[in-house]
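Contents: one structure, followed by commentary.
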Amino acid sequence: MTDPTTGAMVELRTALRTTGAIRRFTDEQVDDATVHAILDDARFAPSGGNRQGWRVAVIADPSTRAALGDMMRPVWDDYLAIASTGRTPFTSVEASPYVLSTPPTGRVSNELIDGIVDVPVVLVVAVDLSYVSMMDQHLDRAPITGGGSIYPFCWNILLAARSRGLGGVLTTFLARAEPAAAELLGLPAGWAIAGTIFIGRPVRQPTKLTRKPVEEFTFVDRFDGESFTAS
Ligand SMILES: Cc1cc2nc3c(=O)[nH]c(=O)nc-3n(C[C@H](O)[C@H](O)[C@H](O)COP(=O)(O)O)c2cc1C
């Protein structure tokens, strides 16, 4: 991998520890050959049964991008309005999910959404649900295991971008507007939108990410057991 600032090689462990979300990009364009090469690396991601149910739309048309931005904007407004109440937006365990007690007042701009037309690369990643084993779909909670067959692919795209001195971010805003987006993008029936990935040359490459230490999320034998330590 190469560091976008210095051009120096970045070792895999360093890349794992420093591939943060990039939302600001230089004006440098990313050519189709590079996008193709990124996807050519990313396709080696794992998926349940190795079924590789992903499909990618490279969104080049400015009016399509603008329309996607228009679909994402109200989702962002709702997200912020809910977050401002101290709750995690759009969880599946909230008693009355997604209902705002007060409508959002004013707008806080989102540079990705508002600048979507100018982002060097915009990819919408979808998955054919008939290829995804959803092991937990019959439980009395929202299923999560199916995501395991698409998000490693999304993360591989970001790592493959990083390996070329690029950066980006996975977003899920568009999934809340899936019916409208499906029509605009020709999403086949039975498919789901997993995310929109924005990629470009980072204005700044982070070197330190804020993450919890291992001891805070790892326990011995049980999830309520003793904290797992190295010694
Ligand atoms: C499943 C998933 C969904 C995300 N959705 C969004 C999103 O909708 N908008 C956004 O700006 N960032 C999104 N992110 C990026 C996260 O905000 C980011 O990874 C996290 O805040 C850590 O940021 P850092 O790498 O800069 O420390 C998403 C990340 C993941 C893994």
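Whatever order the structure lists ligands and atoms in, that order sets their numbers, starting from 1. What you see is a predicted model, and the numbers here were worked out from it, not measured in a lab.
In terms of N/O distances under 3.5 Å, ligand 1 is approached by Arg23. For ligand 1, the polar-atom distance check finds no N/O of Tyr151 at less than 3.5 Å from any of the ligand's N/O atoms. Where the criterion is an N or O separation shorter than 3.5 Å, residue side chain and backbone included, Val169 fails it with respect to ligand 1.
Counting only heavy atoms of the protein, atom 9 (N) of ligand 1 lies nearest to Phe173 CZ, 3.2 Å. Taking atom 26 (O) of ligand 1 as the reference point, the nearest protein heavy-atom neighbour is Ala21 N, 3.5 Å. Among protein heavy atoms, the minimum distance from atom 8 (O) of ligand 1 is reached at Thr172 N, 3.2 Å.
Taking the charged nitrogens against the carboxylate oxygens, Asp114 and Arg73 do have a contact shorter than 4.0 Å, which makes a salt bridge. Between Asp136 and Arg141 a salt bridge is recorded (basic side-chain N to carboxylate O distance below 4.0 Å).
Taking every heavy atom of Gly20 and a limit of under 4.0 angstrom, the matching atoms of ligand 1 come to 25 (O). Near Arg211, the atoms of ligand 1 lying under 4.0 angstrom from a non-hydrogen atom of the residue are 22 (C), 24 (P), 25 (O), 27 (O).
Among all heavy-atom pairs drawn from Ala160 and Ile38, the shortest one is CB-O, 3.6 Å. Among all heavy-atom pairs drawn from Val132 and Ser149, the shortest one is CG2-CB, 4.3 Å.
Using modelled atom types and a 3.5 Å distance limit, the side chains of Asp31 and Gln29 yield no donor-acceptor pair.
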Audit row: Arg65, Asp70, salt bridge (charged side-chain N to carboxylate O under 4.0 Å, His left out) steps and yes/no: CA-CA 9 Å; Arg65 286 186 176 205; Asp70 289 343; over 6 Å; no
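Annotation: cation-pi geometry not satisfied between Arg43 and Phe153 (NZ/CZ under 6.0 angstrom from ring centroid, within 45° of ring axis).
The option with the heavy atom closest to atom 28 (C) of ligand 1, from among Thr196, Leu170, Ile22, Asn110, is Leu170.
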